[in-house]
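Chain naming here is simple, since letters A, B, ... match the order of the sequence lines and numbering starts at 1 in each.
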Amino acid sequence: MQVRCFNALLMALLVAPFTTMAADYVPLPGGRFMSVLPADGVAAPAQIAPFRLRREPVTNTEFLAFVKLHPQWRRDQVPVVFADSRYVSHWASANMLGPQALPRQPVTRISWFAAEAYCESEGARLPTWYEWEYAAAASASQPDARADPAWREHVLAWYGRPSTTPLPPIGGPPNFYGVSDINDLVWEWVEDFNALLVSNDSRVQGDPDVLKFCGAGAISLQQRENYATLMRIAMLSALKATDTTNNMGFRCAKSK
Amino acid sequence: MKIRAKTLVCTALFLLTANAAWCAELPPDSIYQLHITLTNQDGKSIPLDEHRGKPQLVSMFYTSCTMVCPMITDTLKATRGAIGNPASDRVNVLVVSFDPDRDDASSLHRYAETHKLDLSHWTLARAEPGDVRRLAALLGLQYRKLPDGDFNHSSELVLLDTEGRIVARSTTIGRTDPAFLAAVRKAAGAP
């Protein structure tokens with residue numbers, strides 16, 4: 001009996017650090033980056049300060065732990081102004097995952113406000129679009145693989161996956177920066193999701209409706225083949241901050 | 001047992017006046033659910049729900065925006081003017097800056113003076129960048145900082161009721177919008 005107790009205690013001590021491990025962030029150097037979206041709306045590259053990005057999207061388990069610590073984000077308590085009625089609706093209850101939400105699947109049906117709040121709880125924030133696009137441009141071997149047809153094929157293949165297939169868990173191979181599951185698991189929120197196509201220049205007078213989303217004209221010609229990235233921008237631009245979507249999750253970032 | 005001061009005050013108010021709107025729970029669709037602090041043109045810290053209890057016209061701008069933003073403030077002025085007294089006395093205006101890095105209390109105050117804003121009803125404010133992003137998201141406004149420090153942004157007037165719920169909005173800038181005016185009149189209890 002004593003030996004069994006001792007063994008159990010030993011096992012608990014060995015396992016404990018792994019179950020309570022803090023989320024892993026990797027450093028990315030940033031720098032000059034030719035985004036699909038020119039920084040000035042014409043041709044300027046983005047200037048990205050060095051930052052850190054979560055290796056993996058946030059999982060169901062992690063989000064559940066957050067909700068238990070911050071009950072104002074439970075689906076039965078959150079005000080509708082911060083999340084729509086489908087917010088984590090696939091969970092068995094407000095504080096229980098259940099069979100439709102496996103522990104290591106990325107958490108989905110998350111509003112932007114909820115994603116923001118989670119990142120804040122981790123001492124982090126949502127990545128900006130430029131940070132996300134830059135991190136996602138990497139393949140396993142190249143920091144910027146966007147000209148590589150194999151990379152484009154891989155990214156596009158994800159869009160072709162029927163949404164009825166079960167969401168895979170995290171744990172895919174890391175890219176050049178050590179970031180995993182960024183192009184082939186879930187759509188991901190970014191901090192400035194709703195600003196990507198705004199082109200209502202403050203210096204221009206005119207019909208606000210016409211000017212409001214003129215950004216599409218400003219997408220650089222060189223990157224027009226990058227259909228996969230353009231799809232992301234179109235998707236993000238169509239969302240409201242309260243929207244929750246089946247295949248949309250998030251990961252967090254930290255400024256250096 | 002720990003009793004919050006607010007609970008004591010509210011209980012007293014309710015017993016005395018049966019009118020404790022301030023104490024009532026915020027509706028779930030109120031933007032005042034966002035508990036952020038703003039700094040106004042006088043450098044004073046105010047909560048977002050400072051004027052809960054009065055309908056508010058809300059928009060966003062920045063002081064170095066030279067074309068559309070003055071038009072936004074002019075349209076807000078014209079809207080209040082069009083509903084006339086005493087109704088316009090019952091409606092406040094809140095305009096929050098997209099540009100907290102450059103807009104501080106003094107630049108907000110200068111803007112108010114230049115545009116002759118009636119500070120007994122107007123508040124110009126700044127907030128921390130993360131709070132600005134959240135407020136814009138709640139109001140349905142988009143903005144994007146350009147490399148030269150200017151912003152691309154949408155321009156809308158948003159009408160909040162006394163409890164902070166969005167009840168009307170208008171993208172009409174440069175003249176008053178009849179449908180929006182009707183909503184503002186209604187919110188202000190004007191005939």
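The neighbour count for B/Lys186 NZ, taken as heavy atoms of other residues, nucleotides or ligands under 6.0 Å away, does not exceed 12. The environment of CZ in B/Arg102 is crowded: more than 12 heavy-atom neighbours from other residues, nucleotides or ligands sit within 6.0 Å.
The closest side-chain heavy-atom distance from B/Leu138 to A/Phe113 is below 4.5 Å. B/Gln33 has its side chain out of reach of A/Val80: every pair of non-hydrogen atoms, C-beta onward, lies at least 4.5 Å apart. A/Trp112 has its side chain within reach of B/Arg133: a pair of non-hydrogen atoms, C-beta onward, lies under 4.5 Å apart.
For A/Phe82, the part lying near chain B is the side chain, with the backbone staying farther off; criterion is any non-hydrogen pair under 4.5 Å. Neither the backbone nor the side chain of B/Ile166 has a heavy atom closer than 4.5 Å to any heavy atom of chain A.
In terms of heavy-atom proximity, A/Ala39 sits nearest to B/Pro147 at O-CD, 3.1 Å.
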Task: Test log, rule side-chain contact (heavy atoms from CB on, under 4.5 Å), inputs B/Arg144 and A/Leu37 - done: CA-CA 12 Å; B/Arg144 187 162 174 240; A/Leu37 285 178; 4.0 Å; yes

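By number of non-hydrogen pairs under 4.5 angstrom with chain B, the leading residue of A/Thr242, A/Val78, A/Val81 is A/Val81. Heavy-atom pairs under 4.5 Å with chain B were tallied for A/Arg125, A/Glu116, A/Lys240, A/Gln47; the largest tally goes to A/Glu116.
Once rounded to the nearest 0.5 Å, the distance linking OH of B/Tyr143 with CG of A/Asn194 reads 8.0 Å. In this structure, B/Lys145 NZ and A/Asp192 CG are separated by 12.5 Å, a value rounded to the nearest 0.5 Å.
Checked for salt-bridge contact, A/Glu120 and B/Arg134 meet the test: a charged N lies under 4.0 Å from a carboxylate O.
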